[in-house]
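None of the values given here were measured: they were computed from a predicted structure. The basis for the numbers below is simple: all heavy atoms, side chains too, and nothing from hydrogens, waters or symmetry mates.
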Amino acid sequence: MKSYTYGFRAIVSLIGVSVAIGCSEADPLGPDTTVPPGDATITTDITTNRLFRAESTYTLSGFIKVANGATLTIQPGTKIVGDFDVPGSSLFVLRGAKINAVGTADRPIVFTSERSSGRQAGDWGGLVIVGNGIINRGDPTILEGTGTGASNPQVNYGGGNNNADDSGELRYVRVEFAGYATAPDQELNTFTFAAVGSGTRFSFLQALYGLDDSFEWFGGAVNGQYLISYEAGDDHFDASEGYTGRNQYMIAFQSIRPDARAAAGSPSTDPQGFENDGCNGSNCSAGQNSLPRTDAMFANFTLVGTGPGVVDATSGGIGMMLRRGTAGSYVNGVVARWPRAAFSLRDQATLDRITDGSLLIRNVFLVENGPTFQAASGSTVQGTIDVTTGAIEVGAGTAASIFTGLPATPTTATLDWSLVAGAAARTGGTGAFTGALATKAGTIVTGTTYRGAADPTGAKWWANWTNYARN
């Protein structure tokens with residue numbers, strides 16, 4: 001049985017004899033509630049403004065929701081854990097609520113397993129943000145992983161109408177060992193962004209060793225920068241249902257299939273770098289051609305897979321799986337060590353997007369992959385693009401040969417995504433965007449002369465705040 005005691009602070013100044021007793025925990029956005037400082041177990045929804053303090057550790061016990069109208073503010077350096085004894089414990093920021101979790105490089109905010117050792121994927125649920133953005137699936141649309149019992153009621157993220165909606169800000173935030181499956185095929189992700197609008201700010205986020213997808217976008221238009229996924233239980237970056245945001249500087253690294261907590265579900269047999277869809281299944285009014293199309297921008301990505309022998313040879317192992325009618329712009333990337341193929345351009349509706357120019361793949365460097373394009377199999381439609389027009393370059397050698405630090409046994413200290421001197425990806429980028437790419441990028445994404453997530457002359461933006469661990 002856990003026992004937690006709220007802390008009590010008294011500051012006594014012997015010079016001037018000033019005393020402050022019972023410092024409150026009022027949210028700076030509005031003193032709706034005060035809570036004594038100290039470690040706390042959160043067992044009920046957050047319905048008024050609340051501040052999580054860095055000096056305290058907060059335990060999420062159950063499916064905790066920040067309710068409409070409330071703001072949760074989290075100080076830099078705060079640690080939040082999921083209650084291991086209450087499987088699936090999670091934090092949901094619902095439509096109309098906000099989270100302001102703004103850490104720093106030297107004091108990131110960390111959501112993680114309650115266990116100090118023996119941690120596994122699925123030790124707890126994850127972080128879910130629900131906005132009022134637009135999706136292309138008809139209402140009601142029930143969020144995966146919810147509606148599995150009285151303690152976990154359905155969360156509907158359909159019916160939104162504001163792609164500029166503001167759900168707050170995440171900056172320098174790590175989410176580790178998450179992804180519990182609340183029921184078969186009902187997994188929570190590490191980060192779930194459901195209909196989140198572009199008024200929300202995301203930057204410097206890391207997903208580590210989760211059981212399902214690391215980052216999943218369901219519609220909406222939120223933008224992001226500096227996103228990292230290490231050792232995903234399924235896909236690293238998964239977008240669908242009309243997502244139209246823009247993202248730049250992204251790293252995915254897969255070397256194993258994570259071990260899962262007992263009864264938490266199983267890691268996927270087909271982890272992939274990108275797995276982006278249009279719409280598929282129930283409530284898609286026009287099937288894979290449902291509007292608005294998934295039409296996001298992903299720039300300066302580095303996607304590194306397992307190489308052969310780790311994932312099932314008949315599924316997964318694809319660097320970029322683009323399917324089910326997705327559009328989008330994928331530029332200035334590095335795709336390395338994906339054993340089945342670098343690209344899978346699947347389904348006729350997807351090939352139609354290539355034909356009409358709304359699906360663009362440009363200036364991507366490939367190394368140590370299987371074939372550049374996955375071949376058709378059975379009734380599955382697969383396509384290609386012109387590699388010369390798309391400036392797709394296939395390099396010689398290994399993935400390890402182009403990065404400063406890609407060891408066989410990685411650690412936080414030894415993973416270094418900087419490109420070595422002479423690496424072909426240090427050049428060959430688009431340069432300044434023009435035409436359709438410039439329109440799509442707006443003021444959010446900037447064209448670069450290099451490919452991948454690391455500026456050859458810039459700072460190592462992933463250093464000091466990220467973590468690599470398998471337990």
Side-chain angles (χ1 to χ4, degrees), residues 66 68 71-72 74 91-103 109 111 126-137 141 143-144 155-175 188-207 213-229 235-252 274-279 292-301 326-330 439-446:
V66 184
N68 182 7
T71 295
L72 173 61
I74 306 178
L91 181 65
F92 292 76
V93 181
L94 298 182
R95 179 172 289 167
K98 289 185 179 181
I99 181 171
N100 289 322
V102 181
I109 294 165
F111 292 79
L127 177 59
V128 180
I129 301 179
V130 183
N132 195 42
I134 299 167
I135 66 172
N136 64 15
R137 189 183 294 274
T141 306
L143 191 66
E144 183 180 28
V155 173
N156 178 19
Y157 63 96
N161 59 8
N162 181 12
N163 262 355
D165 190 36
D166 182 358
S167 295
E169 181 173 10
L170 301 179
R171 183 176 177 87
Y172 288 110
V173 175
R174 291 204 318 261
V175 180
L188 294 166
N189 303 295
T190 298
F191 288 95
T192 300
F193 304 138
V196 178
S198 61
T200 314
R201 285 81 62 205
F202 290 155
S203 59
F204 299 98
L205 308 182
Q206 184 194 1
D213 297 328
S214 291
F215 294 87
E216 182 150 13
W217 296 266
F218 296 104
V222 65
N223 305 308
Q225 290 183 311
Y226 307 109
L227 310 180
I228 293 182
S229 169
D235 305 311
H236 293 269
F237 303 109
D238 188 324
S240 62
E241 298 185 5
Y243 173 58
T244 58
R246 292 161 285 189
N247 299 273
Q248 187 168 24
Y249 309 117
M250 310 170 71
I251 294 170
F274 285 118
E275 185 180 274
N276 292 354
D277 301 346
C279 195
R293 301 196 192 284
T294 300
D295 191 5
M297 187 173 203
F298 298 96
N300 294 98
F301 48 86
T326 188
S329 302
Y330 299 81
T439 301
K440 183 64 179 176
T443 61
I444 305 299
V445 176
T446 303

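Looking at every heavy atom in both residues, A164 comes nearest to S198 through CA-OG, 3.5 Å. Contact record, F92 with L143: CE2-CD2, 4.0 Å, taken as the closest heavy-atom pair.
Listed for the N223 side chain is a donor-acceptor partner under 3.5 Å among the backbone atoms of R246.
Here the CD1 atom belonging to I99 is positioned 4.0 Å from the CD1 atom belonging to I74, to the nearest 0.5 angstrom. To the nearest 0.5 Å, atoms CE (M297) and OG1 (T244) are separated by 13.0 Å.
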Verify ring-ring contact (aromatic ring centres under 6.0 Å, His included) between Y157 and F218, making sure each step is shown before the conclusion.
CA-CA 9 Å; Y157 63 96; F218 296 104; 5.5 Å; yes

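Between Y330 and F274, the distance separating the two ring centers is shorter than 6.0 angstrom.
Listed by chain and number, the residues in a side-chain hydrogen bond (donor to acceptor under 3.5 Å, both in side chains) with N136 amount to none (sequence neighbours excluded).
Among residue pairs with one or both ends in residues 156-167, those qualifying as salt bridge (Lys or Arg N to Asp or Glu O under 4.0 Å) are K98-D166, D166-R201; sequence neighbours excluded.
Between F193 and F215, the ring planes are tilted. Angles from 30° to 60° get that label.
At least one side-chain heavy atom of K440 sits under 4.5 Å from a side-chain heavy atom of D295. Looking at T200 and I129, their side chains never come closer than 4.5 Å, going by heavy atoms from C-beta outward.
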